[in-house]
2 protein chains.
Amino acid sequence: MATGREIAQLCGVSVATVSRVFNQPETVNEETRERVLRVAKELDYRPNESARALSTKQSTMIGLVWDTDHRRPGWRHPYLQDLLIGLKSALSAHGYHLLMLATSGDAREVGASLADPVGYVNMTRRHHLGGLVLIDSGSDAEAFEAFAQSGVPCVALDVAVDGPRATYVTSDNEGGALSAVRHLVGLGHSRIATITGPPGNQPSEARVSGYRKALREAGVEPRDEYVVAGDFYRASGTAATHRLLALDEPPTAVFAASDEMAVGALLAARAAGLRVPQDLALVGFDDIEIASVVDPALTTVAQDKPGFGVAAAKTIMAMITGAGREEPVVLPTQLVVRDSCGAR
Amino acid sequence: MATGREIAQLCGVSVATVSRVFNQPETVNEETRERVLRVAKELDYRPNESARALSTKQSTMIGLVWDTDHRRPGWRHPYLQDLLIGLKSALSAHGYHLLMLATSGDAREVGASLADPVGYVNMTRRHHLGGLVLIDSGSDAEAFEAFAQSGVPCVALDVAVDGPRATYVTSDNEGGALSAVRHLVGLGHSRIATITGPPGNQPSEARVSGYRKALREAGVEPRDEYVVAGDFYRASGTAATHRLLALDEPPTAVFAASDEMAVGALLAARAAGLRVPQDLALVGFDDIEIASVVDPALTTVAQDKPGFGVAAAKTIMAMITGAGREEPVVLPTQLVVRDSCGAR
DNA sequence: CGATTTACCGTAAGCGGTTACATAGACCCT
DNA sequence: AGGGTCTATGTAACCGCTTACGGTAAATCG
């Protein structure tokens, strides 16, 4: 790897000039500029990032806080891959890399864990990171608040945080739920239940809220026994459905706050000898791959998966460039009608 | 962020001593060492990584080469999330971070693309990366060869590369296919077809090889018309199955080289009025989530998903620490018998 | 008891850039 | 012609850390 000094010597200029050629090209004479550029190209010169970061106190890296561990298998994000594709490629367009921060995995205190957001914040300073993207890996919501307060630019995904340089991106969960339940209402259902995500989870609560709103809109009073808590996973969908079906007046339709739970509900219905959608209509949320492959194919509320990552990238870049904070971004959702709701 | 100099002043020692406390603790007097450590702790001192990397010419980051772009949706890895979980958390245990390298997304020449592995190699030097992990995102196999030759430590996933500091990790694809087809043979099938991955894809070819071996072992001569090419995606599985069923002597069992294609086959069979497994037995490969949810549940060959990442992490760390190259690692696969093969 | 280790620590030179400041010539003006 | 601008470049300090080298005092040795 060629260094700036080598270029300088070959061109008969000082290192300062070489540096200027790349950082303030307009301040250097055209002729020497071209000479430097030509030599630089020949030697395939790239400024050393460590040196540059040390000197300028900023790098071209964004930190990703995603607290997972293969030894304690936990929360699986419904569409992490698409999100990452969007995030990474939008960041790339700005010349930024994505640094997946190490969590303190073992005795050697290497980093941080969400129990200690300070560790991450320090890490962003140590590496001169431009900012942080926070992916909720279960129940990190409270911890995220600490990040938001720290003053480092950060954008959280699906967790509403607020801070001097912090904001978030999320889907229009309420709107999505609203349109899902409206759809069910439109199909003639009035005994509509919902299976929620874990208590405290914000998207889940917004979905419940949309559910309620749609019912009221239709003039049906939400019943408490029709709102049963799940945890986004399949098994909880099955369990919840069993409970719902055991009610004196069981629902004729179920809106599940995740596709996984909707699949669980499907299994429960099948086990109970009910046909979907004839005996029980089903709508999910997320539009993960499974949704289209299950039988009957799941009607569901689709989220803009790569758009999530792209929005996060745009927002964090805006916060790095500008000085303040950005407005939260709410991505539109879209109802995808398939077979499980009985519309076809 | 406290700097080494501050610590030094507060302790009345030189910065050199502070540095030694962290890098060669045994060379500094116990009393002063503890004093330094105490003050460092109070100020929550962490050495600046840029400065450290600049000075030592090595960072605690591993580069991830994963060539994707949300504007050209391409190859979706069957189990990227689990792989990343394994990779990230195993790397964390060594105190390393994972840097997802930017690809040159736009006009501003920021990085590299697989057409230009040199760009990535330069990037690893610029950032003083310890090494590279290469994830195949379609047909990068040839490009990976260039990485392998470059001399930077790298481990490729599912692509056999060889170089002075390069190796790879893959599943026992042949063995997995072997056990899958053996299983089919054991169930009485002899007209067994296979749907392969894209030509040139190494795991796919190993699976075909395992398929052939199992047939020969059972005394049945593989027929060319029973080997039809897919691309790992669902649609290709459907198309391939249609072709197979149109044969004069259609197969009674199909081994698909991916679960996605197996699902596609399932749809084709259903469309043709065939019952699975009674009329057509089906085995897939990967054991992705869909496999267990589809009806009938898919018998498939499971790969050790987080194990993949963990193995990659271990291998790259070994290559960084040691000087030479490591042996390729082949992860065991396991046949998961469910309903689509007719064993139950 | 002088010479030689040994243990500990400070000095200073990097690492490869960036940038404030100084300098030097070219140009313009009165 | 002398002074003021402007342009283009060099000088050198600095970013924060590592480490080769040297020095000092205590410990060891003959």
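To find a chain, count down the sequence lines: A is the first, B the second, and so on, and within it residues start at 1.
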J.: side-chain contact (heavy atoms from CB on, under 4.5 Å) with A/Val155: which of A/Ile316, A/Leu132, A/Val329?
T.: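 It is A/Ile316; the other options fail the test.
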J.: Hey, does A/Ile135 have a side-chain heavy atom less than 4.5 Å from the side chain of A/Leu83?
T.: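 A side-chain contact under 4.5 Å exists here.
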J.: Take atom NE2 of A/His128 and atom P of D/dG16, then tell me their distance rounded to the nearest Å.
T.: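 In whole Å, D/dG16 P lies 7 Å from A/His128 NE2.
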J.: Between C/dG17 atom C1' and A/Arg52 atom CZ, what is the distance in whole Å?
T.: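 Nearest whole value for this atom pair: 8 Å.
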J.: Does a side-chain N or O of B/Asn23 approach OP1 or OP2 of D/dT18 to a distance below 4.0 Å, or not?
T.: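 Yes, such a contact exists.
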J.: Look at all strands and tell whether B/Phe22 reaches a base, only sugar-phosphate, or nothing, counting heavy atoms closer than 4.0 Å.
T.: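 If one applies the 4.0 Å heavy-atom cut-off, B/Phe22 turns out to touch nothing in the nucleic acid.
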J.: Picking from B/Thr315, B/Ile62, B/Leu129, what satisfies side-chain contact (heavy atoms from CB on, under 4.5 Å) with B/Ile320?
T.: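 For B/Ile320, the side-chain contact (heavy atoms from CB on, under 4.5 Å) check succeeds only for B/Ile62.
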J.: Could you tell me whether A/Thr32 contacts a base, only the sugar-phosphate backbone, or nothing, with contacts defined as non-hydrogen atoms closer than 4.0 Å?
T.: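 Sugar-phosphate contact only - A/Thr32 comes under 4.0 Å of backbone atoms but never of a base.
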J.: Return the value, rounded to whole Å, for the distance between atom CD of B/Gln24 and atom P of D/dC17.
T.: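 These atoms are roughly 15 Å apart.
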J.: Just by distance, do the side chain of B/Arg165 and the backbone of B/Cys154 share a donor-acceptor pair under 3.5 Å?
T.: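 Not confirmed, B/Arg165 side chain does not pair with B/Cys154 backbone.
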J.: List for me each residue that meets salt bridge (Lys or Arg N to Asp or Glu O under 4.0 Å) alongside B/Arg325, sequence neighbours excluded, and say none if there are none.
T.: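 Salt bridge (Lys or Arg N to Asp or Glu O under 4.0 Å) list for B/Arg325, sorted by chain: B/Asp162, B/Glu327.
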J.: What's the CD-P distance between A/Glu6 and C/dG17, to the nearest Å?
T.: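 After rounding, the reported distance stands at 9 Å.
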J.: Assign B/Val13 to base, sugar-phosphate, or nothing according to its heavy-atom contacts below 4.0 angstrom with the strands shown.
T.: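 The answer is sugar-phosphate, as B/Val13 gets under 4.0 Å only of primed atoms, P, OP1 or OP2.
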J.: Without swapping roles, check the side chain of A/Thr68 against the backbone of B/Ile85 for a donor-acceptor pair under 3.5 Å.
T.: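 Not a single qualifying donor-acceptor pair exists.
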J.: Within the structure provided, determine whether A/Trp66 and A/Leu101 are in side-chain contact (heavy-atom separation under 4.5 Å).
T.: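 Side-chain contact under 4.5 Å: no.
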J.: Can you label the angle between the B/Tyr120 ring and the B/Phe147 ring as parallel, tilted or perpendicular, going by 30° and 60°?
T.: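 The rings of B/Tyr120 and B/Phe147 sit tilted, inter-plane angle from 30° to 60°.
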J.: For B/Ala51 and B/Ser14, take the nucleotide of DNA chain C holding the closest heavy atom to each; which residue's nucleotide lies nearer the 5' end?
T.: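 Whichever sits nearer the 5' end wins; that is B/Ser14.
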J.: Rounding to an integer number of Å, can you tell me how far A/Arg46 CZ sits from C/dG17 P?
T.: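 A/Arg46 atom CZ is separated from C/dG17 atom P by 13 Å.
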J.: Can you tabulate the close N/O pairs, meaning under 3.5 Å, that link protein atoms to atoms of nucleotides 20-24 of chain D?
T.:
none

J.: How long is the line joining CZ of B/Arg125 and P of C/dC15, in whole Å?
T.: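 So the CZ-P distance, B/Arg125 to C/dC15, works out to 18 Å.
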J.: Within less than 4.0 Å of OP1 or OP2 of C/dC15, is there a side-chain N or O belonging to A/Arg5?
T.: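 Yes.
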J.: Once ring-ring contact (aromatic ring centres under 6.0 Å, His included) is applied, do any residues pair with B/His128, and if so which ones, sequence neighbours excluded?
T.: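 Listed in chain order: nothing, the list is empty.
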J.: Below 30° counts as parallel, above 60° as perpendicular, anything between as tilted: where do the rings of A/His97 and B/His127 land?
T.: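 The rings of A/His97 and B/His127 stand perpendicular, inter-plane angle above 60°.
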J.: Please give, in whole Å, the distance from C/dG16 P to B/Asn48 CG?
T.: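 Checked: the CG to P distance equals 17 Å.
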J.: Identify whether any heavy atom of A/Thr3 sits under 4.0 Å from a base atom; if not, whether one sits that close to sugar-phosphate; answer base, sugar-phosphate or nothing.
T.: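 It contacts sugar-phosphate atoms only.
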J.: Tell me whether A/Glu145 contacts the main-chain N or O of A/Glu142 through its side chain, where contact means a donor paired with an acceptor under 3.5 Å.
T.: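 Looks like no, no N/O pair under 3.5 Å.
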J.: For A/Pro47 and for B/Glu30, locate the closest nucleotide of DNA chain C by heavy-atom distance; then report the residue assigned to the nucleotide nearer the 5' terminus.
T.: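 By nearest-heavy-atom nucleotide position, the 5'-most residue is B/Glu30.
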J.: With a 4.0 Å heavy-atom cut-off, tell me which residues in residues 53-62 of chain B come close to DNA chain C, sorted by residue number.
T.: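 Per residue number, the list reads B/Leu54, B/Ser55, B/Lys57.
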J.: Please report the end-to-end axis angle for the helix from C/dC1-D/dG30 to C/dT30-D/dA1, five pairs per end, rounded to 10 degrees.
T.: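 Terminal axis comparison yields 50°.
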J.: Taking side-chain contact (heavy atoms from CB on, under 4.5 Å) as the definition, give me every residue that meets it alongside A/Glu31, ordered by chain and number, with sequence neighbours left out.
T.: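 A/Glu31 satisfies side-chain contact (heavy atoms from CB on, under 4.5 Å) with A/Asn29 only.
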J.: Within this structure, what is the CZ-to-C1' distance between A/Arg33 and D/dT9, rounded to whole angstrom?
T.: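 Answer to the nearest Å: 14 Å.
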J.: Any side-chain N or O of B/Thr17 less than 4.0 Å from the OP1 or OP2 oxygen of C/dG10?
T.: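 Looking at the OP1 and OP2 atoms of C/dG10, one of them is under 4.0 Å from a side-chain N or O of B/Thr17.
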